[in-house]
Amino acid sequence: MPELPEVETIKRELMQQLVDKKITAVVVNNAKVIKQPSRSVFIKTVKGSTIKRIIRKGKLLIFGLSNGKFLTVHLRMTGQFVYPGDGIKSRVSFRLSNNRLLDYKDQRLLGELRVVKNFNNIPFVKELGPEPFDLTASKFESMLTNRKTKIKPLLMDQKFIAGIGNLYAAEVLFRARISPLRSALSLSKKEKRNLFNEIIKTLKEAIRCRGSSMDQYIQLSGKPGSYVKHHKVYDKKGKPCIVCNTAIKRISLAGRGTYFCPKCQK
DNA sequence: AATGGGACCTGCGCGC
DNA sequence: TGCGCGCAGGTCCCAT
């Protein structure tokens with residue numbers, strides 16, 4: 001669910017609400033989401049530390065703790081943070097110095113919480129591609145040269161570029177009028193620049209709207225993000241294209257549901 | 001290097 | 001109404 005705009009939204013809220021709060025207790029209701037280290041060491045390390053800063057790397061959230069360790073959280077499909085929480089349906093709850101709860105919820109239990117010494121050593125971070133906002137159009141262009149793979153799965157490849165998932169890949173390609181089936185190699189210079197500009201514009205707009213609440217994503221406060229109403233193709237199978245009225249198509253590409261306008265996107 | 005499949009999980013909506 | 005099936009925004013791992 002959560003892609004760069006959603007994770008960035010949560011990061012900003014966590015910064016506003018939680019910096020300099022001490023974690024006084026940790027309750028683990030389901031240890032499946034604790035990937036590293038053991039449940040007991042995890043609790044022991046986090047408990048008693050103060051949250052000093054919040055970092056985002058792609059879709060990964062990182063809490064910098066006062067003891068020098070880092071709590072990293074990947075929300076995967078259905079992870080959520082809720083603050084202040086009530087502990088209900090929470091997989092892990094953090095009690096803070098103001099006596100409020102920060103709840104980590106995760107319906108499908110696919111999320112990952114870790115405590116590490118150095119987050120740069122996590123394989124996911126090590127191999128993570130550049131942040132979109134750190135790129136320029138010409139860098140992006142050169143990244144695409146000689147890539148034979150299809151453009152949509154490539155945009156979703158976190159090693160290629162950080163933060164773009166299935167939803168924003170679809171939206172960005174629609175806005176750039178490029179078919180998800182095209183090979184990266186086949187894009188003209190103009191198309192590459194255009195695609196880059198649409199990536200930046202779309203992600204910024206989505207952050208301004210505080211993300212897209214489809215099914216599971218919510219802001220820290222529990223409120224939905226409003227970018228959904230700007231979606232042009234995602235989850236719109238059979239609906240008319242806003243530009244040409246052609247029915248939006250859904251195909252399966254690299255195992256993922258892929259929405260596009262067969263007429264506008266060439 | 002690229003592609004395809006399955007695995008990890010739970011719960012929802014659809015068609016029969 | 002009840003049940004089985006396919007599907008879900010992410011990532012990793014294996015095989016070809």
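Keep in mind that what you see is a predicted model, and the values were worked out from it rather than measured. Reminder, nothing fancy here: chain letters follow the sequence lines and each chain counts from 1.
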The nucleotide from B:dA2, B:dC8, C:dA8 with an atom nearest the side chain of A:Arg76 is B:dC8
* Are OP1 or OP2 of C:dG10 and a side-chain N or O of A:Gln158 less than 4.0 angstrom apart? -> no
| field | CA sep, side-chain torsions, deciding dist, call: A:Ile51, A:Leu71, side chain to side chain contact (heavy atoms under 4.5 Å, CB included) | value | CA-CA 9 Å; A:Ile51 298 166; A:Leu71 166 62; over 6 Å; no
Using a 4.5 Å cut-off on heavy atoms from C-beta on, say whether the side chain of A:Arg182 contacts that of A:Lys150.
no
Margin query: Side chains of A:Ser212 and A:Tyr168 only: does a donor on one sit below 3.5 Å from an acceptor on the other?
Written below: yes
Taking atom P in both B:dA1 and C:dG10, compute the distance separating them and give it to the nearest angstrom. 24 Å
Whole-Å distance, A:Leu155 CG to C:dT11 P, equals 14 Å
In short, salt bridge (Lys or Arg N to Asp or Glu O under 4.0 Å) pairs touching residues 47-65 of chain A with sequence neighbours left out are A:Glu8-A:Arg56, A:Asp20-A:Lys52, A:Arg56-A:Glu131
Phosphate contact (C:dT11 OP1 or OP2) by A:Lys59 side-chain N/O below 4.0 Å:
yes
Q.
Side-chain N or O of A:Lys150 versus OP1/OP2 of B:dA2: is the shortest distance under 4.0 Å?
A. no
- Query: Does the side chain of A:Phe81 reach to within under 4.5 Å of the side chain of A:Leu61, using non-hydrogen atoms?
  - Reply: yes
*Between A:His74 and C:dT11, does any side-chain N or O lie under 4.0 Å from OP1 or OP2?*
yes
Stems field, DNA chain C, Watson-Crick or wobble, 3.5 Å, at least 3 pairs, by first number, holds B:2-8 with C:10-16, B:10-16 with C:2-8
Out of B:dA2, C:dG10, C:dC12, minimum distance to the side chain of A:Phe124 belongs to C:dC12
Atom CE of A:Met77 and atom C1' of C:dC12 are separated, to the nearest Å, by 13 Å
Per atom distances to the A:Thr149 side chain, the nearest of B:dC9, C:dT11, B:dA2 is B:dA2
(message) What's the gap between C:dC7 and B:dG6 when it is taken at their C1' atoms, as a whole Å value?
(response) 16 Å
Taken to the nearest whole Å, CG/A:Leu109 to C1'/B:dC9 is 6 Å
To the nearest angstrom, the CZ-P distance between A:Arg256 and B:dG6 comes to 15 Å
Using atom types as modelled and distance alone, determine if a side-chain donor or acceptor of A:Gln158 lies under 3.5 Å from a backbone N or O of A:Met156. yes
**Item:** Sugar-phosphate, base or nothing in reach of A:Gly257, heavy atoms under 4.0 Å
**Value:** sugar-phosphate
Taken to the nearest whole Å, CD1/A:Ile151 to P/B:dA2 is 12 Å
Practice task
Between B:dC9 and C:dG2, how far apart are the P atoms? Round to whole Å, please.
Solution key: 30 Å
Donor/acceptor link under 3.5 angstrom from A:Arg147 side chain onto base of B:dA1: no
The answer to which of A:Gln107 and A:Lys159 contacts DNA chain C further toward the 5' end, by nearest nucleotide, is A:Gln107
Q.
Which label fits A:Phe119 and A:Phe70: parallel for a plane angle under 30°, tilted from 30 to 60°, or perpendicular past 60°?
A. perpendicular
Rounded to whole Å, the CD-C1' distance (A:Gln80 to B:dG11) equals 13 Å
Applying ring-ring contact (aromatic ring centres under 6.0 Å, His included) to A:Phe94 and not counting sequence neighbours gives none
Rounded to whole Å, the CG-P distance (A:Leu61 to C:dT11) equals 12 Å
- When all nucleic acid strands are considered with a 4.0 Å heavy-atom cut-off, which category describes A:Glu112: base, sugar-phosphate, or nothing? nothing
Quiz item: Taking the P atom of each, how far is B:dG11 from C:dT1, in whole Å?
Solution: 22 Å
A:Glu6 CD to C:dG10 P, in whole Å, measures 9 Å
